Amino acid sequence: MKFIKPYLLAITSLLFVNCTSKKEVTSLKNAYKNDFYIGTALSADQIEEKDAKVDSLIRKEFNAITAENIMKSMFVHPQKDKYDFALTEKFVAYGEKNKMFIHGHTLIWHSQLAPWMQKIKDSTEMKAFMKDHITTIVSKYKGRIDSWDVVNEALNEDGTLRKSVFLNTLGESYLIDAFKLAAAADPKVDLYYNDYNNEEPAKRAGNINLIKKIKAGGGKIDGVGIQAHWRLESPSLEEIEKSILEYSALGVKVAFTELDITVLPNPWDLKGADVNQNFEGSAKMNPYPKALPDSIQNKLADRYASIFKLFLKHKDKISRVTFWGVYDGQSWLNGWPIKGRTNYPLLFDTQLISKKAYNSVLELKQPKK
Ligand code: XIL
């Protein structure tokens with residue numbers, strides 16, 4: 001009898017483990033759990049758990065979060081001597097409560113800057129701002145936020161440095177300094193440079209130079225974020241793959257940080273994600289106001305499948321894939337670069353129902369029998 005008991009225990013616990021793993025809910029985060037984090041951007045309402053249905057979808061499908069807006073300087077640091085951490089606190093608590101990977105977006109960015117920052121003209125004042133801003137925010141969440149976008153969108157399309165208020169006042173050393181300040185405030189947190197179109201050859205070359213410069217200058221940089229605001233036909237898988245390979249050859253992690261795929265025409269073939277660009281709307285530019293035709297739904301599913309297939313091929317180099325929003329109804333692409341359109345860029349529709357593209361991403365991990 002003495003020996004039977006431990007045996008029984010072992011057998012029942014084995015059975016239990018088996019049952020629970022079989023019962024594991026099908027979801028993006030579970031399907032990809034051995035590959036990379038699957039994240040989503042959260043709006044202020046989602047951080048505040050205002051809609052229970054949306055909230056349970058977030059908790060079911062995603063294991064990483066980024067704040068879509070509330071950590072940008074205009075919200076978190078609206079005046080020189082005033083920080084507003086009310087929503088940031090809720091965001092971090094939400095991630096902790098749900099055991100999610102928490103990404104901070106973003107410390108140094110020329111867009112959505114607080115008006116007082118835009119007025120800084122003098123290098124001493126800008127240096128003081130950077131030190132105060134980065135040190136205050138990163139130290140506050142030391143050990144709780146897992147990675148930061150230290151600098152966002154510092155490059156032009158040709159790979160040169162954008163003439164932002166930071167470059168104009170401080171010269172290019174601001175880039176190295178930003179990474180040094182962040183590492184000093186939390187030596188263990190992962191630090192990223194994040195941009196759009198940095199999978200395109202010229203901008204990628206500029207980004208590679210930038211990473212090398214930051215490293216050569218003594219800055220700690222752990223990863224590069226490719227925003228991935230993409231289209232049905234572009235960028236090509238070849239350019240995406242080259243980017244994964246070339247960036248990781250520098251010894252940095254690659255994250256796809258703001259993934260969405262527009263199905264709408266872009267004005268003048270606009271590429272990228274400059275949030276300051278806006279254009280006039282017209283019926284021609286909003287072709288699917290009621291529903292997405294099946295043919296495009298299928299195209300979107302195929303595009304997502306081929307992108308995730310590539311991600312899986314290079315999963316050892318990829319840390320995280322984050323969607324820019326939970327479902328189509330809330331996507332920023334309904335309002336940018338033309339206001340009032342109906343776009344379909346994500347894996348869940350306006351009713352929170354999974355789309356064909358969702359299945360195509362899941363099926364890569366759970367092939368149909
Ligand atoms: C966007 C948000 O989604 C919008 O709600 C906001 O109005 C503008 O910014 N690149 C970035 C993100 O790094 O912060 C931007 O987010 C999209 C482009």
Side-chain angles (χ1 to χ4, degrees), residues 39-48 50 54 58 62 64-78 87-88 91 102-115 117-118 133 137 145 147-157 162 164 166 175 178 191-200 203 207 210 223-231 235 254-262 264 266-267 270-279 320-346 348:
T40 182
L42 298 183
S43 67
D45 281 357
Q46 290 164 348
I47 291 166
E48 299 206 84
K50 291 215 169 136
V54 178
I58 295 167
F62 304 100
I65 50 169
T66 305
E68 184 177 3
N69 283 302
I70 57 110
M71 294 184 101
K72 294 170 180 173
S73 66
M74 66 183 282
F75 298 111
V76 86
H77 195 176
L87 280 169
T88 316
F91 168 72
I102 306 173
H103 180 71
H105 174 77
T106 172
L107 295 165
I108 299 296
W109 188 28
H110 64 278
S111 286
Q112 294 182 284
L113 257 187
M117 295 176 194
Q118 281 162 21
H133 186 76
I137 302 174
I145 283 190
S147 60
W148 275 105
D149 287 333
V150 179
V151 179
N152 198 30
E153 304 180 355
L155 292 164
N156 293 315
E157 295 310 284
R162 185 191 286 273
S164 66
F166 313 111
L175 291 151
L191 304 178
Y192 279 75
Y193 173 76
N194 193 51
D195 213 328
Y196 60 83
N197 284 354
N198 50 350
E199 70 282 344
E200 299 283 343
K203 202 163 180 178
N207 202 338
L210 181 63
V224 59
I226 295 176
Q227 288 185 6
H229 294 293
W230 287 339
R231 298 150 298 278
V254 180
F256 293 88
T257 55
E258 305 183 12
L259 177 59
D260 50 22
I261 296 173
T262 181
L264 301 184
N266 266 332
L270 173 80
K271 280 184 180 176
D274 183 341
V275 297
N276 300 310
Q277 285 173 308
N278 271 295
F279 302 89
R320 177 171 57 92
V321 176
T322 289
F323 291 88
W324 206 238
V326 179
Y327 66 103
D328 287 345
Q330 66 150 144
S331 166
W332 76 302
L333 293 174
N334 296 315
W336 182 91
I338 295 173
K339 289 207 177 80
R341 296 201 294 179
T342 308
N343 210 332
Y344 303 82
L346 299 167
F348 299 94

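One-based numbering, in listed order, for ligands and for the atoms of each. All residue numbers in this chain count up from 1 along the given sequence. None of these values were measured; they are calculated from a predicted model.
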Legend entry - Contacting atoms of ligand 1, where contact means under 4.0 angstrom from a heavy atom of Gln227: 10 (N), 11 (C), 13 (O), 18 (C)

Legend entry - Pick from Asp260, Asp195, Asn69: the one approaching atom 6 (C) of ligand 1 most closely through a non-hydrogen atom: Asn69

Legend entry - Side chain, backbone, both or neither: Trp324 near ligand 1, heavy atoms under 4.0 Å: side chain

Legend entry - Side chain, backbone, both or neither: Asp149 near ligand 1, heavy atoms under 4.0 Å: neither

Inset, instruction - Provide the number and element of each atom of ligand 1 under 4.0 Å from a heavy atom of Glu258. - result: 10 (N), 11 (C), 12 (C), 13 (O), 17 (C), 18 (C)

Inset, instruction - With Asn343 as reference, evaluate Thr262, Asp260, Asn334 under the side chain to side chain donor-acceptor pair (under 3.5 Å) test and give the passing residue. - result: Thr262

Legend entry - For atom 7 (O) of ligand 1, closest protein heavy-atom neighbour: Gln112 NE2, 4.2 Å

Legend entry - Beyond-backbone contact of Tyr193 with Asn207, side-chain heavy atoms, under 4.5 angstrom: yes

Legend entry - Shortest non-hydrogen contact between Pro345 and Ser331, atoms and distance: CG-OG, 3.4 Å

Legend entry - Mutual orientation of the aromatic rings belonging to Tyr192 and His103 [parallel < 30°, tilted 30-60°, perpendicular > 60°]: perpendicular

Legend entry - Subset of ligand 1 atoms that lie under 4.0 Å from at least one heavy atom of His229: 17 (C), 18 (C)

Legend entry - Atoms of ligand 1 close to His105 [distance to a heavy atom under 4.0 angstrom, numbered from 1]: 11 (C), 12 (C), 13 (O), 14 (O)

Legend entry - Atom indices of ligand 1, in the order listed, that fall short of 4.0 Å to a heavy atom of Lys72: 1 (C), 2 (C), 9 (O), 12 (C), 14 (O), 15 (C), 16 (O)

Legend entry - pair Asn69-Phe75: side-chain heavy atoms closer than 4.5 Å: yes

Legend entry - Which segment of Thr106 sits under 4.0 Å of ligand 1 when only heavy atoms are counted: neither

Legend entry - Closest contact, heavy atoms only, Thr257 versus Gly225: CG2-CA, 3.6 Å

Inset, instruction - Examine Glu153 against ligand 1 and note whether any of their N/O atoms are separated by less than 3.5 Å. - result: yes

Inset, instruction - Can you label the angle between the Trp109 ring and the His105 ring as parallel, tilted or perpendicular, going by 30° and 60°? - result: tilted

Inset, instruction - Would you please say whether a donor-acceptor pair under 3.5 Å links the side chains of Arg320 and Thr322? - result: yes

Legend entry - Trp109 near ligand 1 by a heavy-atom separation under 4.0 Å: yes

Legend entry - Any side-chain heavy-atom pair of Asn194 and Gln227 under 4.5 Å: yes

Legend entry - Any N or O of Glu68 closer than 3.5 Å to N or O of ligand 1: yes

